[in-house]
Peer 1: 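Submitted below is the structure of interest, expressed as structure tokens.
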Amino acid sequence: MGLSRAHHAIFWDFYGDGAITWGLVAHDGTRKPLHHAYRMLAQVLPRQQQSQRVPVTGARDGRLEDGTGAVLVTRLALGTVEAQVLMVNRGEAARTAAVVGGSGHVTPRSVTLFADPAVGPVAVTPTPEITLPPRSMAVLAIRL
């Protein structure tokens with residue numbers, strides 16, 4: 001059928017010189033911004049059979065503010081108190097967000113922010129409230 005190598009287009013942009021493609025890795029082998037976004041999402045998705053998605057109050061299906069924001073929380077395994085939180089700001093304005101537990105705001109153990117496609121994800125200092133710049137995403141490691 002002539003499709004023996006079609007799957008390569010998903011991962012690697014074999015067309016250079018600014019061609020618009022959907023690959024995760026650029027023609028020269030560098031990671032594209034989409035690769036960073038998928039990698040951050042993969043950190044939050046359940047990796048073990050015992051892992052589970054945690055429902056978020058006020059965010060039906062993880063949607064916030066009619067879809068300009070999104071959140072996904074995953075408990076790493078049953079019986080643990082560790083979780084990963086993915087926060088996404090699709091809007092044009094900065095947003096402040098927080099993880100709120102039974103005793104109030106939870107300070108994450110670590111925060112990785114992806115706000116600049118030219119730089120990629122960077123570790124930032126964890127604080128009880130996280131400011132997401134426009135069109136950015138963050139992964140938080142927390143204790144529930």
Peer 1: I need the minimum non-hydrogen distance between Q43 and Q84, along with the two atoms involved.
Peer 2: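 Closest heavy-atom pair between Q43 and Q84: O-CG, 3.8 Å.
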Peer 1: What pair of heavy atoms forms the shortest contact from P33 to F114, and how long is it?
Peer 2: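 Scanning both residues, the minimum pair turns out to be O-CE2, 3.5 Å.
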Peer 1: When rounded to the nearest 0.5 angstrom, what is the spacing between CG in L113 and CE in M40?
Peer 2: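 Result: 7.0 Å between the selected atoms.
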Peer 1: Show me, pair by pair, the donor-acceptor contacts under 3.5 angstrom made by side chains of residues 85-99, not counting sequence neighbours?
Peer 2:
{"from": "N89", "atom 1": "OD1", "to": "G91", "atom 2": "N", "distance (Å)": "2.9"}
{"from": "N89", "atom 1": "ND2", "to": "A93", "atom 2": "O", "distance (Å)": "2.9"}
{"from": "N89", "atom 1": "ND2", "to": "L132", "atom 2": "O", "distance (Å)": "3.2"}
{"from": "N89", "atom 1": "ND2", "to": "P133", "atom 2": "O", "distance (Å)": "3.1"}
{"from": "R90", "atom 1": "NH1", "to": "G67", "atom 2": "O", "distance (Å)": "2.5"}
{"from": "R95", "atom 1": "NE", "to": "E65", "atom 2": "OE1", "distance (Å)": "2.9"}
{"from": "R95", "atom 1": "NH2", "to": "E65", "atom 2": "OE1", "distance (Å)": "3.2"}

Peer 1: Which heavy atom of V71 sits nearest a heavy atom of A59, and at what distance?
Peer 2: CG1-CB, 4.0 Å
Peer 1: Calculate, to the nearest 0.5 Å, the distance between atoms NE2 and CG belonging to H36 and L41 respectively.
Peer 2: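 The NE2 atom of H36 sits 14.5 Å away from the CG atom of L41.
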Peer 1: Quick check for you: to the nearest 0.5 Å, what is the distance between L72 atom CG and M137 atom CE?
Peer 2: 10.0 Å
Peer 1: Backbone N or O of P121 within a donor-acceptor pair of the T112 side chain at under 3.5 Å?
Peer 2: no
Peer 1: Tell me whether R143 is salt-bridged to E82, with the criterion being a basic N under 4.0 Å from an acidic carboxylate O.
Peer 2: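 Result for this pair is yes, salt bridge flagged.
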Peer 1: Kindly give the heavy-atom pair with the smallest separation between V73 and A83, and that separation in Å.
Peer 2: CG1-CB, 4.5 Å
Peer 1: Do V139 and V44 come within less than 4.5 Å of each other through their side chains, counting heavy atoms only?
Peer 2: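 In short, these two side chains touch, coming nearer than 4.5 Å.
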Peer 1: Grab the two heavy atoms, one from P126 and one from V111, that are nearest each other, plus how far apart they are.
Peer 2: CA-CG2, 3.9 Å
